[in-house]
Colleague: 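Mind looking over this structure? Questions follow.
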Amino acid sequence: DTGVSQDPRHKITKRGQNVTFRCDPISEHNRLYWYRQTLGQGPEFLTYFQNEAQLEKSRLLSDRFSAERPKGSFSTLEIQRTEQGDSAMYLCASSLSGGGEGPQHFGDGTRLSIL
Amino acid sequence: GNSVTQMEGPVTLSEEAFLTINCTYTATGYPSLFWYVQYPGEGLQLLLKATKADDKGSNKGFEATYRKETTSFHLEKGSVQVSDSAVYFCALYNQGGKLIFGQGTELSVKP
């Protein structure tokens with residue numbers, strides 16, 4: 001079990017630039033989730049996939065945000081035209097769903113800083 | 001709607017002290033409840049879970065009992081160690097795929 005892997009761990013960029021993050025879930029997990037965590041707060045749900053289908057998106061996910069999971073394995077989260085308020089930790093989690101919902105396992109996150 | 005409320009931190013204890021971190025929830029139906037722990041610079045690690053009323057989750061000396069009558073899932077440990085210093089998050093899962101988290105409680109254990 002290699003765990004959930006996220007890349008990069010840290011990203012510093014200027015306001016207005018586009019950024020993309022990658023998440024590799026635990027290999028047998030069919031569900032993949034994205035959360036955002038700001039300092040001193042709990043994670044907030046952004047979106048999730050079951051296999052390659054995106055099943056739910058939070059209203060936190062503005063038009064500048066897009067997530068994909070093209071082959072039902074790894075996922076990418078892209079933020080276009082970044083803003084100061086996008087500075088946060090972006091967490092990915094995965095779980096096995098089928099005959100019951102398994103617990104979500106988290107990666108170490110990507111910390112985004114907007115200059 | 002679904003929500004989770006945790007006691008505010010930081011909580012500062014001496015080593016070997018008894019720990020309680022309060023967590024209450026609001027939800028329709030029968031959610032599953034979780035405690036996650038986050039060490040500095042890392043993601044969240046699942047600490048324990050309970051899926052139905054009166055279930056007790058336990059791991060690494062930590063325990064929490066799912067109390068439907070008081071809508072609570074308080075985290076306890078009989079004797080904390082310095083290595084338990086971290087931020088603890090209570091969370092619920094109530095269909096729909098997403099976890100709903102509390103704001104987190106920072107625990108600092110002094111030698």
Side-chain angles (χ1 to χ4, degrees), chain A residues 1 3-7 9-10 21 23-26 29-51 53-61 67 69 88-97 99-111, chain B residues 1-11 21 23-25 27 29-52 55 57-59 64 66 73 75 86-107:
Chain A
D1 182 354
V4 177
S5 177
Q6 292 189 245
D7 183 70
R9 289 295 309 277
H10 304 275
F21 311 140
C23 172
D24 288 88
I26 293 172
H29 285 182
N30 56 350
R31 284 195 172 182
L32 186 148
Y33 311 79
W34 286 99
Y35 292 84
R36 182 170 67 188
Q37 184 181 22
T38 53
L39 199 61
Q41 299 298 315
E44 295 176 295
F45 171 79
L46 292 178
T47 188
Y48 88 99
F49 295 82
Q50 179 151 320
N51 300 312
Q54 189 172 18
L55 296 188
E56 186 175 349
K57 293 193 293 185
S58 163
R59 62 180 183 276
L60 292 176
L61 214 64
R69 194 184 184 199
M89 176 79 88
Y90 290 84
L91 294 167
C92 176
S94 69
S95 71
L96 182 63
S97 176
E101 176 70 23
Q104 295 182 24
H105 296 266
F106 284 79
D108 284 340
T110 294
R111 180 168 296 284
Chain B
N2 299 315
S3 66
V4 175
T5 301
Q6 293 181 232
M7 65 186 284
E8 289 192 15
V11 173
I21 300 178
C23 170
T24 57
Y25 68 90
Y30 304 96
S32 295
L33 301 173
F34 304 84
W35 277 99
Y36 281 84
V37 58
Q38 187 174 35
Y39 298 99
E42 298 184 8
L44 279 71
Q45 297 178 24
L46 178 64
L47 183 58
L48 53 84
K49 67 175 184 176
T51 58
K52 61 183 187 297
D55 268 2
S58 60
N59 186 26
Y66 187 148
F73 193 54
L75 182 68
V87 181
Y88 292 81
F89 292 94
C90 184
L92 71 83
Y93 174 85
N94 195 11
Q95 302 179 346
K98 57 181 174 284
L99 285 168
I100 307 296
F101 286 90
Q103 75 273 29
T105 302
E106 182 181 358
L107 171 65

Colleague: At a heavy-atom separation under 4.5 Å, does Q45(B) approach chain A through its side chain, its backbone, both, or neither?
Modeller: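 For Q45(B), no heavy atom lies under 4.5 Å from chain A.
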Colleague: Just how far is it from atom CD of Q38(B) to atom CE of M89(A), taken to the nearest 0.5 Å?
Modeller: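 Between Q38(B) CD and M89(A) CE, I get 6.5 Å after rounding to 0.5 Å.
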Colleague: What is the minimum heavy-atom distance between L44(B) and F106(A), and which atoms define it?
Modeller: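 Shortest heavy-atom contact: O-CB, 3.3 Å.
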Colleague: Are more than 12 heavy atoms, taken from residues, nucleotides or ligands other than E8(B), located less than 6.0 Å from that residue's CD atom?
Modeller: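 Check fails, neighbour count at 12 or below.
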Colleague: What pair of heavy atoms forms the shortest contact from Q104(A) to Y36(B), and how long is it?
Modeller: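 Scanning both residues completely, I find the closest heavy atoms to be O-OH, 2.7 Å.
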Colleague: Counting C-beta onward and ignoring hydrogens, is there a side-chain heavy-atom pair between F89(B) and Q37(A) closer than 4.5 Å?
Modeller: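 Counting from C-beta outward, F89(B) and Q37(A) do come under 4.5 Å.
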Colleague: Considering residues, nucleotides and ligands other than Y39(B), do more than 12 of their heavy atoms fall under 6.0 Å from its OH?
Modeller: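 Atom OH in Y39(B) is packed in, count exceeds 12.
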Colleague: Would you give the length of the straight line joining atom CG of L46(A) to atom NZ of K98(B), rounded to the nearest 0.5 angstrom?
Modeller: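 Here the rounded value is 11.5 Å.
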Colleague: Taking the side chain as everything from C-beta on, heavy atoms only, tell me whether Y35(A) gets closer than 4.5 Å to L99(B).
Modeller: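 A side-chain contact under 4.5 Å exists here.
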Colleague: Does G41(B) offer a backbone N or O that forms a donor-acceptor pair with the side chain of R9(A) under 3.5 Å?
Modeller: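 Pair found, side chain donor or acceptor close to backbone of G41(B).
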Colleague: Under 3.5 Å, side chain of D108(A) to main-chain N/O of G43(B), donor-acceptor pair present?
Modeller: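 Yes, D108(A) side chain to G43(B) backbone: donor-acceptor pair under 3.5 Å.
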